[in-house]
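Down below is the structure, laid out as structure tokens.
Just the heavy atoms: all of them, side chains too, but no hydrogens, waters or symmetry mates, feed the values below. For ligands, and for the atoms within them, numbers begin at 1 and follow the listed sequence.
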Amino acid sequence: MTNMSILDNRPALKAEIDKVAEVAGYLWQKGWAERNGGNITINITEWVDDAMRALPAIGPAVPIGTKLPELEGCWFYCKGTGRRMRDLARDPMANGSIIRIVDDCMRYEIVADLPVAPTSELPSHLSVHNYLLAKGSPYRASLHTHPIELVALTHSRKWMEKDVATRMLWSMIPETKAFCPRGLGMVPYMLPSSVDLAEATIRAIDEDYDVVMWEKHGVFAVDTDVMSAFDQVDVLNKSAQIYIAARNMGFEPEGMSDGQMQELSDAFHLPK
Ligand code: 2HA
Ligand code: ZN
């Protein structure tokens, strides 16, 4: 039996899905994706061709639970609910699926390759994509993961204060501000998958953060593609590790000075 895939003869689309698989492997290797932890959703609409649009759905139209008007005609690749990142890394089309939005932007249907139901966080991921399109943002990827050291930081009131963690993380190593120039937004604890959490996440992105921390849970990051979203989380978590390493050596790290941060911001034309 040959395993046909919607990605066959679609190299540009396949390249995007390959990036998802590569990032899923990194998430597992870093210890950020225990069991089925984390989600990835990619807006793939720009790679959809007429032959794809003509394909029948392979399942019924499922209510999203909300109306997302910007998503008219949009297509997404989504990790499957309950699926493991480490399995997705090996076989993205058996552990995720391609869906399209139908019926006045209130439902989705699975088109390929297999009837893998999308992530339980689909309404929040799609709400974020709806927000990004409404803003005219070029961002097409959303990533949720559980980075150990960043999550540990959120167990302290001090680091949950607005931009306190951002300033510390930026000051650990110059790359962090250069490659995560909007810093780390903070969202207080809310029930996973809840509408409140989705709305608070969108408010934080709207304040101009690309990476939003969910207290005692994980991060939610958006960027042009999944690799860039991963890179932002990776540089932030690296800084948290440097902070912890210094503390473990018995001292409070000095951090780059305000003057050094300003010089960096000027040299790289960074915001804030
Ligand atoms: O989907 O990480 O927060 C698994 C999760 C939910
Ligand atoms: Zn999670």
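- There is a side-chain donor-acceptor pair under 3.5 Å between Y139 and D210.
- When atom types are taken as modelled, the side chain of T154 and the backbone of E215 share no donor-acceptor pair closer than 3.5 angstrom.
- Between H217 and H144, the ring-plane angle classifies as perpendicular under the 30° and 60° cut-offs.
- With hydrogens left out, the protein atom closest to atom 6 (C) of ligand 1 is E121 OE2, 3.2 Å, a heavy atom.
- Between W159 and Y243, the distance from one ring center to the other falls under 6.0 angstrom.
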Tell me, with the steps shown, if V233 and W32 meet side-chain contact (heavy atoms from CB on, under 4.5 Å).
-> CA-CA 11 Å; V233 180; W32 299 355; 3.7 Å; yes

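- Inside a sphere of radius 2.8 Å centred on the Zn ion (ligand 2), the protein N/O/S atoms present are H144 NE2, H146 NE2, H217 NE2.
- The shortest N or O to N or O distance between T119 and ligand 1 is not under 3.5 Å.
- With sequence neighbours excluded, the residues that form a side-chain contact (heavy atoms from CB on, under 4.5 Å) with E199 are V195, D196, R203.
- Heavy-atom contacts of H146 reach the following atoms of ligand 1: 2 (O) (cutoff under 4.0 Å).
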Could you give me the CA-CA distance, side-chain angles and deciding distance for F76 and H125, then say whether ring pair (Phe, Tyr, Trp, His ring centres under 6.0 Å) is met?
-> CA-CA 10 Å; F76 294 88; H125 279 252; 9.8 Å; no

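- Shortest contact from atom 5 (C) of ligand 1 to any protein heavy atom: G38 N, 3.6 Å.
- Of all atoms in ligand 1, listed by their number and element, those nearer than 4.0 Å to a heavy atom of N36 are 1 (O), 4 (C).
- Using a distance-only test at 3.5 Å, with no hydrogens or angles considered, no donor-acceptor pair links the side chain of S239 to the main chain of W170.
- Looking at ligand 1, you'll find an N or O of H217 within less than 3.5 Å of one of its N or O atoms.
- N39 ND2, 3.1 Å is the protein heavy atom nearest to atom 1 (O) of ligand 1.
- Considering I99, V62, I64 in turn, I99 is the only one that fulfils the side chain to side chain contact (heavy atoms under 4.5 Å, CB included) rule with L122.
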